[in-house]
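Have a look at the structure below before the remarks.
Index from 1, following the sequence. In each ligand, atom 1 is the first atom listed, and ligand 1 is the first ligand listed.
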Amino acid sequence: MKVLLFGGAGYIGTHVALEFLERKDTVGIFDNLSSGLRSNVSPDALFYEGDIQDKKRVIQVLEEGWDVVIHLAAFKAAGESMLRPVKYSENNITGSLNLITGCIKTGVKHFILSSSAAVYGEPSYLPVDENHPKNPTNYYGYTKLCVEENLKWYAQLKDLTYVSLRYFNAAGYDKEGRMRGLENNPANLIPVVMEVAMGIRPNLLVFGNDYDTIDGTGVRDYVHVTDLAKGHVLAADYLLANKGNLVVNLGSEEGLSVQQILDTARKITGKEIDAQYVDRRPGDPAKLVASSEMAYKTLGWKAQDSSVETIIETTWKVYQANQKRMKAR
Ligand code: WQD
């Protein structure tokens with residue numbers, strides 16, 4: 001199969017590319033390298049530098065003929081989206097529409113979207129399934145919902161089928177250490193914890209320890225990025241088997257607290273990892289856990305590598321390898 005990954009040089013995209021390359025599929029990577037890294041693009045993949053807001057370039061690459069397009073080229077910082085909505089409108093909405101309309105114009109029939117649990121907003125029940133009301137509490141989440149809705153329309157009006165994968169908290173790195181570079185300026189919990197363990201940051205700020213959770217800290221559903229990547233392969237097979245459209249959660253179905261992540265990271269790294277307990281971060285729900293039953297029923301997908309140990313061990317390994325590389329320069 002010929003698969004084109006928009007945003008394929010980013011954190012999740014690189015892992016998705018590895019899964020398709022392992023099957024010997026033809027993989028194209030389209031990326032503007034704004035946060036993706038050229039060093040993470042496998043030499044076995046075709047690389048197209050470009051921006052999804054550049055319609056001409058998008059069409060030019062789509063015209064090469066692809067069985068499936070996977071769209072992972074979005075900005076993803078929820079907090080930033082509230083301060084810089086225009087940046088998110090232009091890239092995440094207009095850019096995504098360029099890809100969808102580009103597929104229609106060039107005859108690409110199958111589309112996979114990187115969506116997010118952010119489409120749900122504050123959970124009104126747990127675990128969150130796909131029928132849960134969609135009330136995003138940040139503009140980022142709205143951009144994902146907006147693209148999902150456009151896919152729904154285009155699937156009705158044109159010859160396009162799609163799968164939307166609503167990721168919960170993506171975490172971890174390739175077990176075999178094939179990822180070379182790290183994300184720039186991470187804001188998510190686990191990378192921050194790693195930076196403290198490495199001595200790059202002085203401490204972790206734990207946002208709130210008075211939630212109604214097991215230990216007072218926020219609970220999330222962390223799903224290993226390789227599990228997510230495998231979900232894309234299953235979604236591509238699903239589309240090519242003409243099974244129709246699908247919107248599914250990808251989560252581990254396990255809730256882990258910030259404190260549990262911190263304790264495990266201290267154990268695995270052997271580092272102290274200083275933590276300061278501060279106020280809650282505005283907009284953070286106490287607890288967010290997925291039901292991924294639908295993904296299992298439709299795609300046969302289940303998280304397999306998402307234990308907290310695997311997530312922390314694989315991340316720590318990549319952080320350490322990068323420190324060695326930095327020192328070797
Ligand atoms: C996890 C937990 C924090 C940092 C975000 C996006 C969401 C999705 C995934 C893409 C929370 C706590 C964090 C820190 C902390 N992205 N925390 N100190 O907010 O669950 O989800 O990423 O689709 O849209 O909003 O992830 O990693 O920021 O936080 O205490 O320095 O860690 O309060 O409980 P979040 P996160």
Can you say whether the rings of Tyr88 and Tyr140 are parallel (under 30°), tilted (30 to 60°) or perpendicular (over 60°)?
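Rings of Tyr88 and Tyr140: perpendicular, over 60°.
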For [atom], the protein heavy atom that lies nearest, with its residue and separation:
| atom | result |
| --- | --- |
| atom 17 (N) of ligand 1 | Phe207 CD1, 3.6 Å |
| atom 33 (O) of ligand 1 | Asp284 OD2, 2.6 Å |
| atom 8 (C) of ligand 1 | Ser116 OG, 4.3 Å |
| atom 11 (C) of ligand 1 | Arg220 NH2, 3.7 Å |
| atom 19 (O) of ligand 1 | Arg281 NH2, 2.7 Å |

Give the numbers and elements of all ligand 1 atoms closer than 4.0 Å to a heavy atom of [X].
| X | answer |
| --- | --- |
| Asn188 | 5 (C), 22 (O), 26 (O), 27 (O), 28 (O), 36 (P) |
| Gly218 | 34 (O) |
| Leu205 | 14 (C), 15 (C), 18 (N), 30 (O), 31 (O) |
| Val206 | 30 (O) |
| Ala78 | 25 (O) |
| Asn169 | 20 (O), 21 (O), 26 (O), 35 (P) |

Residues sharing Leu157's hydrophobic cluster, by side-chain heavy-atom contacts under 4.5 Å among ILVMFWY, directly or via others?
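The other cluster members (ILVMFWY side chains, heavy atoms under 4.5 Å, direct or chained) are Trp153.
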Kindly write out the residues that satisfy side chain to side chain contact (heavy atoms under 4.5 Å, CB included) with Glu195, not counting sequence neighbours, or none if the list is empty.
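Checked Glu195 against side chain to side chain contact (heavy atoms under 4.5 Å, CB included); matches are Pro186, Ile200, Arg201, Tyr319.
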Heavy-atom check, side chain of Ile29 versus side chain of Thr14, under 4.5 Å:
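Not in contact.
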May I have the step-by-step check of side-chain contact (heavy atoms from CB on, under 4.5 Å) for Ile312 and Met194, ending in yes or no?
CA-CA 9 Å; Ile312 307 273; Met194 291 295 122; 3.7 Å; yes
For [X], is at least one N or O under 3.5 Å away from an N or O on ligand 1?
| X | answer |
| --- | --- |
| Leu189 | yes |
| Asn138 | no |
| Ala118 | no |

Please indicate, with yes or no, if any protein heavy atom is found under 4.0 Å from atom 13 (C) of ligand 1?
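When distances to the protein are checked, atom 13 (C) of ligand 1 has a heavy atom within 4.0 Å.
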Among Phe75, Tyr167, Tyr140, closest by any non-hydrogen atom to atom 23 (O) of ligand 1:
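Going through Phe75, Tyr167, Tyr140 one by one, Tyr140 has the nearest heavy atom to atom 23 (O) of ligand 1.
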Assess Tyr222 for proximity to ligand 1: is some non-hydrogen atom of it under 4.0 Å away?
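Tyr222: in contact with ligand 1 (<4.0 Å).
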Interatomic spacing from CG in Asn98 to NZ in Lys105 - rounded to 0.5 Å:
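Reported value, rounded in 0.5 Å steps: 8.0 Å.
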If the threshold is 4.0 Å, N to carboxylate O, is there a salt bridge linking [X] and [Y]?
| X | Y | value |
| --- | --- | --- |
| Lys134 | Glu148 | no |
| Lys87 | Glu80 | yes |
| Arg280 | Asp210 | yes |

If the test is side-chain contact (heavy atoms from CB on, under 4.5 Å), which one of Leu182, Thr226, Ile190 qualifies with Tyr173?
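The passing option is Leu182.
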One pair to check against side-chain hydrogen bond (donor to acceptor under 3.5 Å, both in side chains): Ser252 and Tyr222. What are the steps and the verdict?
CA-CA 6 Å; Ser252 67; Tyr222 296 89; over 6 Å; no
